[in-house]
Amino acid sequence: MTTLPLILQPPPRADESVRGLVVRHAELNHCTADIMCSWLGLPAMGQPLDVHPEAAAATIPMDVHRLGDMGFGSDGIEAFLGYRVPVTAIARKLMRFCPDCFAEAHYHRRIWEHRQIDACPIHHLKLVSACPSCETQTVWKRGQLTACDCGQDLIEGATRIPLEDCIGVAAIYRLCGVVSDGPVLPASFASLPLQELIDLLYFLGRMEMVLVQGNEAGFGALNMLRDGRVLNHGVRIAMGWPDAFGQLADRVRAARDHGKSISVQYGHLHRFIHGCGKAAYASFLRDAYAEHLARRGDVVGRAWPTFLDRPDGAGGDAMTRGEVRGHLGIGAKSFATLQRTPMWDKVRPVMSGQRGTPQYASADVAALKKRLNRLVSPYDADRMLSVGRGKAQQLIEAGLLPVVNWNRRNRRGEGRSFDRADVEALLQRAREFALGQPPREGISFTTVRIMVGQRPLIAFPDVIRCLVTGRLRGHIANPGNFGFSAFVFEEADVREVLNELVRQSQKQDLTLG
């Protein structure tokens with residue numbers, strides 16, 4: 001990339017999209033957006049922004065973390081307001097907007113680019129994506145942000161469609177740190193990766209509007225995945241979890257002809273939960289389904305679904321080795337490796353089968369499955385803590401994270417995992433020391449990591465140890481973000497702590513010498 005110092009660069013906004021920023025660059029420099037992309041060394045408008053934020057910083061002088069949130073990414077993944085989403089979730093070619101937001105501030109919001117966000121909960125308007133005059137779609141290959149190529153002013157002429165109910169998108173706005181009066185989602189939902197959360201909420205909404213209500217709204221396949229009304233129902237079910245899920249399951253069963261098997265009685269609800277595999281929401285979704293079936297009390301013995309834990313009174317007292325493996329949902333090689341780990345020691349053989357083969361206590365198997373469902377890979381731990389790839393391994397070596405020597409995602413049953421509870425507890429300790437007031441001269445967690453990398457005598461785990469002991473305290477700027485990237489710090493405090501760590505390291509080296 002080549003920096004062009006004559007380009008006039010407007011100051012970016014905190015929640016701005018990079019495509020909107022490029023168009024504002026073009027407006028200020030009296031050129032087209034594609035020409036500006038060429039000058040900035042970026043892909044043409046409408047193409048994936050497959051550019052690493054650090055490379056983009058060479059021509060757009062901004063904080064790397066903020067550039068990532070604006071839309072830069074790689075490997076088919078884009079950063080999105082503190083989260084990471086697939087590039088397929090982003091509307092790259094079509095510019096959607098709220099005309100009233102544009103009227104208040106002339107910049108394009110990043111949150112409008114997610115395909116499944118279709119409304120502005122601040123003004124209760126449906127997002128606009130077409131010119132009211134020429135009726136063409138507002139594509140990103142454009143010369144001005146708030147004017148169509150036909151000359152129509154998109155703010156004054158926009159067709160405003162009011163929406164009374166925006167609770168779904170309002171919850172996502174708030175989770176992404178965008179000012180909104182949306183509800184605070186329960187912790188089990190708020191801690192999910194953003195795209196998995198949205199997929200789950202739309203699934204729950206579809207069960208209510210399509211399966212229970214018989215698709216009275218006439219949704220097509222695409223509408224079911226993007227219509228805000230579906231998201232509204234999903235958020236309301238999430239807010240009442242797990243009782244609201246049980247009530248939903250009762251309505252699903254009542255709306256269907258009662259067959260002999262559970263899979264027929266609950267239809268797609270059952271099949272989705274059975275097939276959710278290793279999704280981040282799989283554990284608590286299955287737990288809610290198991291609690292519902294146990295409450296009904298009409299599913300016992302071998303009729304109990306093998307992919308669900310067995311609450312007290314559900315299922316049999318003992319399971320064969322094959323039933324255990326099927327219940328845990330792992331392959332033969334992974335199961336053999338699991339049996340050599342300390343986790344298997346807590347599964348008691350309670351009786352012998354007809355040929356003397358052992359059987360195992362169902363309660364112990366259920367407890368083991370809960371433990372396995374809590375395990376996350378090092379990659380997932382890095383993502384949960386938002387610490388950067390490979391950093392969780394450093395936290396193991398520093399004794400800050402206990403490790404489990406088994407990884408269900410490895411085909412050979414090898415590798416390491418972390419208990420989700422241990423990962424969450426590490427961050428929770430830092431959150432307990434959080435400052436109530438924002439810093440006067442704040443810097444992001446990403447900047448703190450860069451500052452650590454500039455001091456060879458200290459390492460990344462040293463900073464985490466300071467955070468979880470209260471030696472370094474930050475302010476939680478984005479409560480909806482579960483990871484360390486939610487924190488901002490007083491720059492002077494960070495420098496003081498890092499310099500003290502360097503002095504301690506130097507003193508230790510002199511002592512050892």
Does the side chain of [X] reach to within under 4.5 Å of the side chain of [Y], using non-hydrogen atoms?
X: W406; Y: S334; result: yes
X: I90; Y: R110; result: yes
X: R109; Y: F102; result: yes
X: V423; Y: D380; result: no
X: L385; Y: L395; result: yes
X: H108; Y: R24; result: no
X: L127; Y: D118; result: no

Between the side chains of D364 and K346, is the shortest nitrogen-to-carboxylate-oxygen separation below 4.0 Å, so that they form an ion pair?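 Looking at D364 together with K346, the answer is no, because their closest N to O distance does not fall below 4.0 Å.
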Under a 4.0 Å N-O cut-off, is there an ion pair linking E500 with R503?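 Judged by the 4.0 Å cut-off on N to carboxylate O distance, E500 and R503 do form a salt bridge.
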Can you tell me how far apart [atom1] ([X]) and [atom2] ([Y]) are? Round to the nearest 0.5 Å.
X: W112; Y: S17; atom1: CH2; atom2: OG; value: 8.5 Å
X: D419; Y: L372; atom1: CG; atom2: CG; value: 10.0 Å
X: R115; Y: L94; atom1: CZ; atom2: CG; value: 8.5 Å

Q.
Name the residue from F272, Y281, F245 that meets the ring-ring contact (aromatic ring centres under 6.0 Å, His included) definition with F203.
A.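 Only one option passes, and that is F272.
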Using a distance-only test with no angle check, is there a side-chain donor-acceptor pair under 3.5 angstrom linking E490 and H475?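 Note: E490 and H475 side chains miss the donor-acceptor criterion.
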Q | Side-chain donor-acceptor pair present, T447, S444, cut-off under 3.5 Å | A |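 Side-chain D/A pair, T447 to S444: present.
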**Message:** For H114, run the side-chain hydrogen bond (donor to acceptor under 3.5 Å, both in side chains) check against R226, R96, Q195 and tell me which one passes.
**Reply:**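 Per the side-chain hydrogen bond (donor to acceptor under 3.5 Å, both in side chains) rule, the option paired with H114 is Q195, out of R226, R96, Q195.
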Using only atom types and a distance under 3.5 Å, with no angle test, would you say the side chain of R473 pairs donor to acceptor with the backbone of F433?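 Yes, because the side chain of R473 sits within donor-acceptor range (under 3.5 Å) of the backbone of F433.
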(message) If we check side-chain contact (heavy atoms from CB on, under 4.5 Å) with L498, which of these qualifies: V463, D462, L472, D493?
(response)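 The side-chain contact (heavy atoms from CB on, under 4.5 Å) with L498 is passed solely by V463 among V463, D462, L472, D493.
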Exercise for review: Answer with yes or no after comparing the ring centroid distance for F189 and F284 against a 6.0 Å cut-off, counting only values under it.
Suggested key: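 Judged by ring-centre distance (under 6.0 Å), F189 and F284 do meet the cut-off.
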| Which pairs, with at least one residue in residues 231-243 and sequence neighbours excluded, count as a salt bridge (Lys or Arg N to Asp or Glu O under 4.0 Å)? |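 Of all non-adjacent pairs touching residues 231-243, those that pass salt bridge (Lys or Arg N to Asp or Glu O under 4.0 Å) are D165-R236.
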